[in-house]
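Data first, discussion second: the structure below is written as structure tokens.
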Amino acid sequence: MNNITIAIDGYSSTGKSTVAKQIAKHLGYVYVDSGAMYRAVTLYAIKNGLISEDDFNKEALVYQLDQIELSFQFNDQLGFAEMYLNGLNVEKEIRTLKVSSFVSKIAEVSKVRQKLVGIQKKIGQDKGVVMDGRDIGTVVFPDAELKIFMTASAEKRAERRYQELKERGDAITYEAVLQNVTERDYIDTHREDSPLVKAEDAIEIDNSDLTLNEQYTKILELVKMTLEGCE
Ligand code: DC
């Protein structure tokens with residue numbers, strides 16, 4: 001059977017990565033969390049004093065882009081690849097609310113996008129990949145055989161994210177998470193370079209009222225239909 005490319009885009013905290021991982025595992029495909037790459041660049045910017053509440057030194061970040069080495073390394077125990085920044089596993093550090101609060105600003109920078117899109121295209125050049133993000137079906141893999149666009153209400157998404165962070169032991173409030181979700185929605189959909197839009201040929205799934213299992217079953221059905229159509 002021919003390998004295909006599966007692009008999963010959508011708003012933050014719609015559960016894209018959960019279902020993308022499940023599908024990749026089922027098919028034996030590579031899973032790539034493109035958001036993790038934007039988060040890793042954000043972590044680099046925070047650690048190097050390039051971004052804070054009241055300042056963002058874009059020029060310095062662009063100048064230092066060559067010094068930012070990103071890679072994914074498969075973790076056998078977890079069953080998916082983890083994000084490494086300059087040789088260090090940053091999988092946990094990139095998921096904090098602090099990184100979330102700056103990441104959309106970093107993702108607006110065209111030079112950052114160019115670098116990351118280049119890496120993403122390379123990873124997916126032989127197909128057999130499930131990648132999730134904001135511009136996968138529109139910019140990274142416009143020819144992907146299957147494109148999914150996931151949505152859910154901001155409140156539902158904030159609730160899910162809040163539970164996740166709380167379980168990790170983060171001291172945060174639901175209101176702060178909801179504010180972050182709506183701010184990121186705004187920046188992600190209004191930025192000049194590759195804003196979050198549904199690709200014309202993407203299939204939209206609103207999972208506000210779907211369980212994880214229902215969502216997985218629905219997407220798996222679409223995958224099967226696409227694979228059959230590619231035979
Ligand atoms: O999927 P995520 O929430 O981890 O993504 C973090 C941020 O990265 C998101 O707010 C927007 C940005 N992003 C992007 O601009 N393009 C992508 N392909 C993936 C993420």
Side-chain angles (χ1 to χ4, degrees), residues 5-21 24 31-46 51 56 58 61 68 70 72 80-83 85 90-124 129-142 144 147-152 154 156-158 160-162 164-165 168 170 172 176-199 202 207:
T5 301
I6 302 174
I8 304 185
D9 288 304
Y11 293 91
S12 63
S13 305
T14 39
K16 300 182 296 292
S17 61
T18 306
V19 74
K21 271 181 208 157
Y31 162 63
V32 180
D33 174 359
S34 70
M37 300 168 77
Y38 289 92
R39 288 174 178 274
V41 175
T42 306
L43 184 66
Y44 175 93
I46 294 171
I51 194 164
F56 178 20
K58 257 185 232 174
L61 176 65
I68 303 178
L70 303 172
F72 286 101
F80 61 88
E82 294 182 296
M83 186 79 246
L85 166 65
V90 290
E91 193 57 38
K92 201 153 177 221
E93 268 182 286
I94 58 172
R95 311 282 168 196
T96 59
L97 198 56
K98 183 165 186 185
V99 170
S100 297
S101 68
F102 292 127
V103 67
S104 288
K105 288 204 181 98
I106 299 287
E108 278 184 301
V109 182
S110 290
K111 290 274 183 211
V112 171
R113 303 203 69 83
Q114 276 168 26
K115 176 180 167 107
L116 301 199
V117 168
I119 301 172
Q120 291 153 8
K121 281 181 188 276
K122 219 168 172 183
I123 298 175
V129 68
V130 184
M131 194 175 290
D132 75 339
R134 305 293 189 286
D135 59 346
I136 310 304
T138 49
V139 176
V140 183
F141 301 127
K147 299 181 186 177
I148 291 168
F149 190 81
M150 304 222 332
T151 64
K156 271 267 158 76
R157 290 184 282 132
R160 291 176 189 155
R161 189 93 190 102
Y162 170 64
E164 240 175 66
L165 292 169
R168 271 182 29 164
D170 286 15
I172 29 107
V177 178
L178 179 61
Q179 193 186 343
N180 174 256
V181 163
T182 44
E183 273 171 15
R184 281 208 284 151
D185 283 357
Y186 186 85
I187 303 180
D188 291 349
T189 50
H190 287 79
R191 67 170 171 243
E192 244 174 70
D193 190 346
S194 320
L196 169 65
V197 281
K198 177 178 165 292
N207 67 12

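We're numbering straight along the sequence, starting at 1. First listed ligand is number 1; within each ligand, the first listed atom is number 1.
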Rounded distance [0.5 Å steps], OG1 in Thr138 versus CG in Asp9: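 If we round to the nearest 0.5 Å, Thr138:OG1 and Asp9:CG are 6.0 Å apart.
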Nearest-0.5 Å distance that lies between atom CE in Met37 and atom CG in Leu70: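 It comes to 5.5 Å.
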Basic-acidic side-chain contact under 4.0 Å: Glu164, Arg160: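 Salt bridge absent between Glu164 and Arg160.
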With Arg134, the side chain to side chain contact (heavy atoms under 4.5 Å, CB included) member among Ser34, Pro195, Ser104, Ser12: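 It is Ser12; the other options fail the test.
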Backbone N/O of Ser13 and side chain of Arg161: donor-acceptor pair under 3.5 Å: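 Checked: no pair found.
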Option from Thr182, Thr14, Asp185 for which side chain to side chain donor-acceptor pair (under 3.5 Å) with Arg157 holds: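 The side chain to side chain donor-acceptor pair (under 3.5 Å) with Arg157 is passed solely by Asp185 among Thr182, Thr14, Asp185.
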Kindly print each ligand 1 N/O atom paired with any protein N/O atom under 3.5 angstrom away, one pair per line, or none if nothing qualifies.
| residue | atom | partner | partner atom | Å |
| --- | --- | --- | --- | --- |
| ligand 1 | 1 (O) | Arg134 | NH1 | 3.0 |
| ligand 1 | 3 (O) | Arg39 | NH2 | 3.4 |
| ligand 1 | 3 (O) | Arg134 | NH2 | 3.1 |
| ligand 1 | 3 (O) | Arg184 | NH1 | 2.9 |
| ligand 1 | 4 (O) | Arg39 | NE | 2.7 |
| ligand 1 | 4 (O) | Arg39 | NH2 | 3.4 |
| ligand 1 | 10 (O) | Ser104 | OG | 3.3 |
| ligand 1 | 10 (O) | Arg184 | NH1 | 3.0 |
| ligand 1 | 10 (O) | Asp188 | OD2 | 3.1 |
| ligand 1 | 15 (O) | Arg113 | NH1 | 2.8 |
| ligand 1 | 15 (O) | Arg113 | NH2 | 3.3 |
| ligand 1 | 15 (O) | Arg191 | NH1 | 3.0 |
| ligand 1 | 15 (O) | Arg191 | NH2 | 3.0 |
| ligand 1 | 16 (N) | Arg113 | NH2 | 3.1 |
| ligand 1 | 18 (N) | Ser34 | OG | 3.0 |
| ligand 1 | 18 (N) | Arg134 | N | 3.2 |
| ligand 1 | 18 (N) | Asp135 | OD1 | 2.8 |

